[in-house]
Structure formats: C-alpha cells, structure tokens
4 protein chains.
Amino acid sequence: MGKFVKIDCAGNHRRAPGRPRSERARRAILSCTLRFLENRRNGFADLTIEHVAASAEVGKATVYRWWPNKAALVADAFAGSVTRKLHFPDTGSVMQDMNLQMRQLVKILRSRRGNLVSAILGGGQSDRTLITAFRERFMMPRRSEAYVTLQRGIDRGELPASLDMDLLLDALYGPIYLRFLIRHDPLTPEFVDELCTVVFGRFQAAASKAKAAPPPGR
Amino acid sequence: MGKFVKIDCAGNHRRAPGRPRSERARRAILSCTLRFLENRRNGFADLTIEHVAASAEVGKATVYRWWPNKAALVADAFAGSVTRKLHFPDTGSVMQDMNLQMRQLVKILRSRRGNLVSAILGGGQSDRTLITAFRERFMMPRRSEAYVTLQRGIDRGELPASLDMDLLLDALYGPIYLRFLIRHDPLTPEFVDELCTVVFGRFQAAASKAKAAPPPGR
Amino acid sequence: MGKFVKIDCAGNHRRAPGRPRSERARRAILSCTLRFLENRRNGFADLTIEHVAASAEVGKATVYRWWPNKAALVADAFAGSVTRKLHFPDTGSVMQDMNLQMRQLVKILRSRRGNLVSAILGGGQSDRTLITAFRERFMMPRRSEAYVTLQRGIDRGELPASLDMDLLLDALYGPIYLRFLIRHDPLTPEFVDELCTVVFGRFQAAASKAKAAPPPGR
Amino acid sequence: MGKFVKIDCAGNHRRAPGRPRSERARRAILSCTLRFLENRRNGFADLTIEHVAASAEVGKATVYRWWPNKAALVADAFAGSVTRKLHFPDTGSVMQDMNLQMRQLVKILRSRRGNLVSAILGGGQSDRTLITAFRERFMMPRRSEAYVTLQRGIDRGELPASLDMDLLLDALYGPIYLRFLIRHDPLTPEFVDELCTVVFGRFQAAASKAKAAPPPGR
DNA sequence: CAATAATCGAGACGGTACGTCACGTCTTCTT
DNA sequence: AAGAAGACGTGACGTACCGTCTCGATTATTG
C-alpha cells in the first residue's frame with residue numbers, strides 16, 4: 001500500500017521510483033491459487049508456492065514479495081473471489097429472506113467453490129490468519145447484511161425486539177457448516193427449510209397470533 | 001486385526017509367525033502424537049512423522065509399518081483418546097439432559113483436548129479418512145446415546161413423536177462447532193443455555209400445555 | 001566347526017545337542033549369492049543380505065548366524081564355486097602350459113563367472129577380507145600349481161634356475177587382470193599369446209641355444 | 001557447460017538466467033569427497049552423499065543437482081585431483097624413462113592418493129562410469145605421453161619399430177596394478193626394476209648388440 | 001519319554017542413508 | 001525497483017536394508 005504510492009504535501013499521488021508492480025503477475029498468482037484450491041479436494045495442504053509460481057509463470061520471489069506466507073495468499077485469493085450471489089433479498093418475510101440466502105449459500109458450498117471454503121476453514125485450524133480472513137472478509141460482511149434483514153423482521157413484528165441476532169444466526173448457519181465440514185448427512189435445500197422451521201418455529205406461532213391481533217402500538 | 005491373530009478350525013487363537021508387534025512402541029507413538037496435537041495450536045500441519053518417531057524413541061519405519069500416513073496416525077491417536085466424560089445424564093428432563101452434555105462438550109472443546117478436535121476437523125478437510133474417523137469414532141457413538149435420550153423425551157411427551165432427531169441434533173451442535181471453528185464469538189456455557197432456548201423453545205410451550213392437559217389417548 | 005562337532009577322548013565324533021544346521025539352507029544361501037553376483041553387472045554393492053535370505057527362502061538371522069557380513073558370505077560362495085577348469089596341463093613346454101592355462105582363465109573371466117571375479121576384486125578394495133579370500137582361496141592354490149609347472153621348465157632347461165617365479169607370474173597375469181578390470185582393450189586369447197611372447201621372449205632365445213648345445217653338466 | 005553459458009550470434013558469452021552456481025559449494029563438495037576417499041581405507045562403500053554434504057556445509061540437494069550419483073561425484077573429484085607428478089622424463093634411455101615414471105606411480109599408489117585409486121577401481125567394478133572416468137581422465141593421458149616416450153626409444157633404435165606399444169604398456173603396468181589391488185606381494189621400487197628387466201630384457205640384448213654394430217642406415 | 005538345546009522361518013525393532021520435494025532466501029541479468 | 005530464473009541451505013518425506021531381537025515350530029541329543 002503505502003509501499004507503492006507516495007502522497008506529497010499537496011496531496012498529489014507520486015509513483016515510487018523503479019519498475020511498478022506487475023498487475024499481470026498479481027492476477028495470475030491469485031487466479032492460479034484459486035483454481036488450484038477449487039479443483040483439488042485436499043486444498044490447502046497440497047497447495048505449494050512452488051506450484052503457484054510455476055503455473056502463474058512468475059518467479060517464486062515475486063509471490064513472497066507480496067504475500068508473507070501461504071495463508072496470506074490464500075486469504076487474499078479467497079477475498080478476491082467472494083461471490084456476489086450471497087445478498088439477502090427483501091421479500092417481505094424475514095424467514096423467506098433468510099431461507100433464500102441460506103439456500104444460496106448451500107448451493108455455493110456444494111459447488112467447486114465449496115472446496116475453497118473447506119480449504120480455508122480446514123487450513124484455518126492450523127493458521128489463525130486464515131480463519132481471521134474468513135471471518136472478516138467473508139462472514140462479517142454477510143452478517144452485517146443479515147442484521148439489516150433481521151431488523152426488518154423485528155420492525156415488521158415478525159421477530160421480537162429482544163432477539164439476540166448473533167445467537168439466531170449461529171443457530172441458522174451452524175448446522176449448515178456442520179454438515180458441510182463433517183459430511184455426516186447431505187446438505188440440501190430441504191435441510192435449509194427444515195432448519196428454518198426449527199429455528200423460526202417459536203416466532204411463527206407468535207407471529208401468526210400477532211397477525212390475527214395486530215400489535216396494539218399500531 | 002486378522003493380520004496378527006490366526007484362528008484355527010477349533011477356534012483357538014494362534015499367533016502369526018515372527019516377532020510380535022511391540023506394544024510399548026504402539027503406545028509411545030500414539031501418546032506422543034496426542035501430546036503434540038494437544039499442546040500445539042497448529043496441530044496437524046506442524047505434526048511430523050519424523051518428530052513423532054524421534055520423541056517416541058522409535059524408528060520411523062515402525063510408524064510407517066502400522067499407519068499409512070499422518071492422517072491415519074492422528075485418527076488412531078484421537079480414537080484412543082476419546083474422552084469418557086461425554087455421556088448423557090438422565091435427569092428426567094430432555095432439555096436438561098441435552099444441556100448438561102452440551103456444556104460438557106463445550107468444556108472439553110475449550111480445554112487442551114480442543115486443540116486435538118480442531119486438528120482433526122481441520123486436517124479432515126484435506127483428508128477424508130480423518131473426518132471419517134471423527135464422524136464414526138467420535139460423533140456417531142455420541143449421537144447414538146443422544147437418540148436414546150431424545151426418545152426418552154418423546155416417551156415422556158416432552159418432544160413430539162414426529163421429531164427429526166438428526167435435524168434437532170444438528171441444530172444443537174452445529175452452532176457450537178461453528179463458534180469453535182470460526183471463533184467469531186466466545187463459546188460459553190451460557191451460549192449453550194441460550195441455544196437450548198432457541199431450539200427447544202417451541203416444544204417447551206407445547207410441553208407445558210401438554211402437562212396441564214395430558215394427551216387424550218393416554 | 002568345533003561349534004558343531006564334539007570329539008570325545010576316544011576321538012569319535014559326537015554331535016552337539018540341539019537341531020543340526022540345515023544343509024539345505026546353507027546351500028540355498030550360497031547358491032543364491034552366487035547366482036546374483038554372476039548375473040548382475042554391479043555385483044557386490046547391489047547384493048543385499050535381505051535379498052539373499054528372501055530368495056533362498058531363509059530367515060535373515062540364519063544368514064547372519066553363519067556369516068558375519070556380506071564379504072564373508074561372498075568369499076565363501078566364491079570359494080565354493082571355484083572352477084575345476086584352471087589346472088595347468090603338462091605338454092612338455094612351459095610356455096605352452098602357461099599359455100593354455102592363461103587362455104582358460106581368460107575364457108572364464110569373459111564368462112558370467114567373470115562378473116563374480118570382478119565383484120570380488122571390486123568389493124575387495126573396500127573390504128580387506130574379500131581380497132584376502134580371493135588371494136588365499138583362489139589365487140594361491142593356482143600359484144602353487146604354477147610353481148610346479150615352472151619348476152618343470154627349469155628342470156627341463158627351458159627356464160633359468162635363478163628365475164623369480166612370483167615376478168614372472170605377476171608379469172604374466174597382471175596384464176590380464178589389468179585389461180579385465182579397466183577394460184581399455186579386449187581380453188582375447190591372442191592377447192595371451194602376445195603376452196607370453198613378451199614375457200618368455202628372452203628365455204626362448206636362450207632355450208633354443210641351450211637345445212642346440214645341451215648344458216655341459218648333463 | 002552449455003547449460004550455464006549461452007553464446008549469442010556475435011560469439012559473446014551471455015550468462016544463463018538465474019542465480020549462478022556457487023563455486024564455493026562445488027569446490028567444497030569435491031574436496032571433501034577427495035579428502036574422505038584418501039583417508040579411509042574402504043573409500044567408496046563408506047562414502048555417503050549425506051556425509052559429503054554435511055562436511056562441505058552444503059545442502060544434499062546441491063550435491064544431487066550437479067552429480068547424478070556417487071560414482072559421478074567421485075569420478076569428478078578424482079579427475080580434478082589428478083597429480084601433476086606423473087610425467088615421463090627424457091633421460092636418453094627408454095628403459096630409464098619408463099622405470100622412473102613407474103617408480104613415481106608406485107610412490108603415488110603407496111601414498112594416501114593410492115586409497116583414491118583403489119576406491120575408483122573398486123567402485124568401478126560396480127559402476128561403468130567410474131572405470132571409464134579412470135580410463136579416460138587418468139590412464140589415457142598418461143598413455144599418450146608413454147607413446148611419445150616409446151617412440152623416442154624406437155627412433156633411437158632401443159626398441160624395434162614393430163613394437164606393440166599397448167601390449168608393452170600392459171606388460172609394464174599390469175603387474176603393478178595387480179600387486180596394488182590384490183596385495184599379495186609388496187609394491188616396491190625394486191619390483192619396478194625387476195619388472196623392467198623382465199619386459200625389456202629381450203630388447204636390451206638386441207640393443208646392446210645394435211650399439212656395438214650401429215644399424216646400417218646410420 | 002520327557003527335558004534340554006540349538007536351529008529354523010518369520011518378521012518387528014531402532015537405526016542410517018537414500019533420493020526427492022518444497023521451503024523461504026539469495027543472486028544474477030533484464031525490463 | 002520489480003521481474004523471471006534458478007541455485008542455495010534446510011528439513012521432512014517415504015523407502016530400503018542394516019544387524020539385532022523375539023516369537024512359535026522343528027529336530028536333534030541326553031537323562
């Protein structure tokens with residue numbers, strides 16, 4: 001960052017001296033990393049900087065110059081790949097909104113992209129920076145959106161104001177990741193439905209009652 | 001297994017020829033593996049057959065003779081270490097039973113033993129045999145017990161007979177493992193309580209009603 | 001030796017107690033060793049006790065019980081294989097006698113048996129006991145015969161009484177082994193002829209003169 | 001060779017890309033190899049790439065990068081060590097010239113350098129490339145000089161023009177190597193004298209006669 | 001006949017070295 | 001400067017044999 005761009009007192013950008021960083025190399029490295037992780041079942045452990053450099057037709061030192069270690073590289077590659085498909089819709093029903101997004105997540109986890117996620121989460125157990133990258137660059141942005149969606153539900157009276165959002169989100173997404181990581185049972189859209197039923201169950205009864213007799217404050 | 005013991009027609013055991021396997025070596029290897037995984041934050045990746053052999057005062061070939069790879073060794077060490085503390089109590093209340101066992105699990109995950117679990121689950125993302133070992137030697141035995149506990153609840157009318165047990169168990173344990181693996185929020189006994197409230201909530205209302213007016217068919 | 005046979009005061013052989021040594025095993029070990037060395041170009045280094053034991057269908061310990069190391073085994077196998085074809089004829093002419101035996105040696109060195117000799121001489125450079133075995137069990141017996149043959153020549157006046165036999169034999173056999181070991185030029189029967197001419201040359205002139213005018217003392 | 005240096009159309013040397021080979025490492029490896037072989041009686045078999053690398057303070061891979069196997073390494077080390085002491089003098093007498101050089105060779109074979117030669121010749125029996133190295137990098141250069149020396153003898157009339165030089169040289173050096181390799185009798189300067197007498201004997205008579213009555217063409 | 005004793009096969013044991021691979025660093029020339 | 005190329009020292013990999021050991025089974029002599 002500051003390594004490449006100098007800003008003079010007038011606020012003008014001034015390029016550092018010397019040959020500028022090759023954008024081509026950067027892109028090739030990240031995309032080779034990504035391709036590798038997506039296509040190999042045993043991602044992180046098998047991925048070697050040697051191989052990445054070779055297949056990106058790049059010097060090994062170029063990789064090391066910009067990423068301190070394999071985890072950083074993978075985290076970066078992952079961050080750059082984060083899908084744009086995981087936004088929450090606004091259908092008018094929180095449960096519907098959550099359900100749709102969860103189905104989308106399940107779809108992605110079951111695709112080649114899922115290998116990438118499992119590589120990150122698996123490798124992350126040995127390398128704190130990886131799991132941090134996953135958390136901050138993938139999970140948190142989505143949680144922020146989820147908060148908004150849930151708040152809409154609260155505002156609409158579908159959910160109680162006292163709701164612990166993080167607890168609810170863990171209850172919704174934990175089981176999905178459990179099946180994804182342990183693979184004891186299939187991870188299907190139907191599972192998402194049933195899961196929503198379990199977690200949202202107690203609110204639905206309340207909500208339907210609330211619907212029949214709308215809240216007094218309204 | 002059948003590799004070491006021959007059974008003749010009369011059903012008597014007959015030792016295979018050759019020097020018998022050293023029990024001392026077997027134990028030393030497994031316990032060194034275990035100790036290493038428990039004490040290192042980045043277990044699986046850092047674990048080296050070379051190191052295990054050296055610290056167990058054993059030839060490297062002896063390790064490879066009995067375990068085809070690191071994953072098999074770790075799976076075996078893990079299986080042999082499986083705690084005896086994770087049984088389900090029978091307090092008369094399903095929710096109470098589940099809650100207590102979940103708290104016990106959380107306690108273990110937060111102990112040094114947790115490093116072992118995270119090494120297995122992490123390594124298991126690169127090696128199918130590891131995750132299978134976790135599933136079959138750790139998870140499934142516990143699930144079997146859980147089924148019994150849940151059935152008691154059904155019999156007592158605390159839970160509906162139509163209950164999907166696996167779904168319920170995923171809903172209960174998924175969030176725990178999510179926090180354990182991603183570490184986005186602390187994994188506390190209180191979290192277990194709240195989680196139980198979320199998942200068992202809808203049954204509690206029904207159950208209390210059922211208590212007041214016992215089911216007609218009985 | 002004394003290990004197996006006890007001789008009582010009366011001089012009778014008495015078998016030691018315990019299971020007697022297996023002649024079958026002994027023979028199989030030696031013959032497998034021999035076969036291996038004869039058929040492989042890179043004899044000594046490639047020969048492993050492990051392989052010998054396996055191919056002789058014998059326990060490794062059985063080999064080690066009777067031979068302290070690879071060199072002893074090879075030396076023994078070699079000694080037992082020593083051809084019966086290398087005797088010196090008695091044609092009435094020393095030069096003829098030597099020539100014929102040398103041709104025979106050359107023939108053997110060029111056969112599969114030659115691999116064995118080169119294994120012994122090659123291995124012997126790293127292991128004194130091997131070269132000693134070659135010297136004492138192969139070379140010396142032949143030299144003894146050669147002394148007799150040469151003495152016949154002296155007696156007949158073909159060679160001077162002052163002859164240094166070892167020097168002469170080195171002069172005759174050294175070049176053969178040089179070509180055999182360094183392989184800079186072919187080792188042919190004709191080479192033997194020419195070599196005899198070179199070495200016996202000065203005696204031939206003397207001898208022919210002597211023939212014309214037989215020594216006075218006779 | 002062509003591996004490291006590119007020559008452009010103008011004939012200028014252009015270095016290959018990448019870090020250049022470490023001359024320091026190359027030298028250390030060869031000299032450690034040499035030192036080891038010279039100081040150990042059982043050179044070739046005991047020599048270990050592992051040990052060479054360690055004592056040269058070099059990575060094992062660096063050894064393997066440049067020499068495919070132990071034999072190639074030893075051959076190279078040997079070639080680089082070839083003594084400068086083995087030239088043929090020009091005393092005016094062929095026999096004297098040969099005698100002096102042979103004595104020099106004997107002296108070297110009896111020195112620490114002799115261990116090296118026996119390692120090469122011994123190892124060479126298992127590895128064709130070693131014996132080839134000995135032949136072409138050590139023996140042949142010396143033979144070439146020997147041809148010149150012998151030719152002088154022919155020109156001077158000390159030796160017949162019809163002389164088979166290779167035969168003569170085998171007759172002279174074969175016995176030396178025989179004693180060196182089989183060690184059945186001591187390898188002394190006197191042995192060289194006697195050997196020369198045996199081999200040059202028939203020419204000396206002729207030569208002395210020739211001296212008395214110089215050849216007609218003179 | 002039972003006891004004793006040495007050998008046999010099989011094969012596991014703690015080691016050492018093998019030759020390979022990737023690590024992360026370095027040194028060179030080119031862009 | 002950064003790039004590619006590729007050699008460097010390091011260290012773990014999984015394999016092959018080393019020479020030793022512990023088994024049960026076998027085959028002899030001795031009491």
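Computed from a predicted structure; not experimentally measured. Reminder, nothing fancy here: chain letters follow the sequence lines and each chain counts from 1.
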**OP:** Check the distance between dG24(F)'s C1' and R21(B)'s CZ and give it to me in whole angstrom.
**Re:** 20 Å
Subject >> Most 5' of E50(A) and S22(C) on DNA chain E, judged by nearest nucleotide >> reply: S22(C)
**OP:** Ignoring the backbone of W66(D), work out which of dA2(F), dC8(F), dC13(E) is nearest its side chain.
**Re:** dC8(F)
Subject >> dC21(E) phosphate, OP1 or OP2, under 4.0 Å from T48(A) side-chain N/O >> reply: no
Original post:
Rounded to whole angstroms, how far apart are CD on E23(C) and P on dC8(E)?
Top reply: 11 Å
**OP:** Counting heavy atoms from C-beta on, name the nucleotide in dC13(E), dA25(F), dT28(E) closest to the side chain of R19(C).
**Re:** dA25(F)
Original post:
Can you check the H51(B) NE2 to dC13(F) P distance for me, whole Å?
Top reply: 11 Å
**OP:** Please examine the side chains of R24(C) and V58(C), heavy atoms only from C-beta on, and report whether any two atoms are closer than 4.5 Å.
**Re:** yes
Original post:
If we only count heavy atoms from C-beta on, is the I29(C) to W67(C) side-chain gap below 4.5 Å?
Top reply: yes
Original post:
5'-most contact on DNA chain F: P20(D) or T62(A), nearest heavy atom basis?
Top reply: T62(A)
Subject >> Whole angstrom value for the distance that separates C1' of dA2(F) from CD1 of I29(A) >> reply: 12 Å
**OP:** Remember a base hit wins even if backbone is also touched, and classify R26(B) as base, sugar-phosphate or nothing at under 4.0 Å, heavy atoms.
**Re:** nothing
Original post:
Is a salt bridge present between R26(C) and E23(C), judged by a nitrogen-to-oxygen distance below 4.0 Å?
Top reply: yes
Original post:
Just by modelled atom types, is the A25(C) backbone N or O under 3.5 Å from a matching donor or acceptor in the S22(C) side chain?
Top reply: yes
Subject >> Distance, rounded to the nearest Å, where Y64(A) contributes OH and dA2(F) contributes P >> reply: 18 Å
Original post:
Between G59(D) and G18(B), which is nearer to the 5' end of DNA chain F once each is assigned its nearest nucleotide?
Top reply: G59(D)
Original post:
Is A61(C) touching bases, backbone alone, or none of the nucleic acid, heavy atoms closer than 4.0 Å?
Top reply: base
Original post:
Looking at the side chain of I49(C), which of dC18(F), dC8(E), dG9(F) is the nearest nucleotide?
Top reply: dC18(F)
Original post:
Which whole-number value in Å describes the distance from N69(D) CG to dC18(E) C1'?
Top reply: 13 Å
Subject >> 5′-ward residue of the pair K60(B)/A56(C) relative to DNA chain E >> reply: A56(C)
Original post:
How close or far is atom P of dC23(E) from atom CG of D46(A), stated in whole angstroms?
Top reply: 11 Å
**OP:** Report yes if the side chains of N39(A) and N115(A) come closer than 4.5 Å at any heavy-atom pair, otherwise no.
**Re:** no
**OP:** Name the closest nucleotide to the R24(D) side chain, picking from dG9(E), dC18(F), dG9(F).
**Re:** dG9(F)
Subject >> Nucleotide nearest R65(A) (side chain, heavy atoms from C-beta), chosen from dG3(F), dA5(F), dC8(F) >> reply: dG3(F)
Original post:
The side chain of A25(C) lies closest to which of these nucleotides: dG19(F), dA2(F), dG9(E)?
Top reply: dG9(E)
Original post:
If we only count heavy atoms from C-beta on, is the R65(D) to T62(D) side-chain gap below 4.5 Å?
Top reply: yes
Original post:
Side chain of V58(D): nearest nucleotide among dG14(F), dC18(E), dG9(F)?
Top reply: dG9(F)
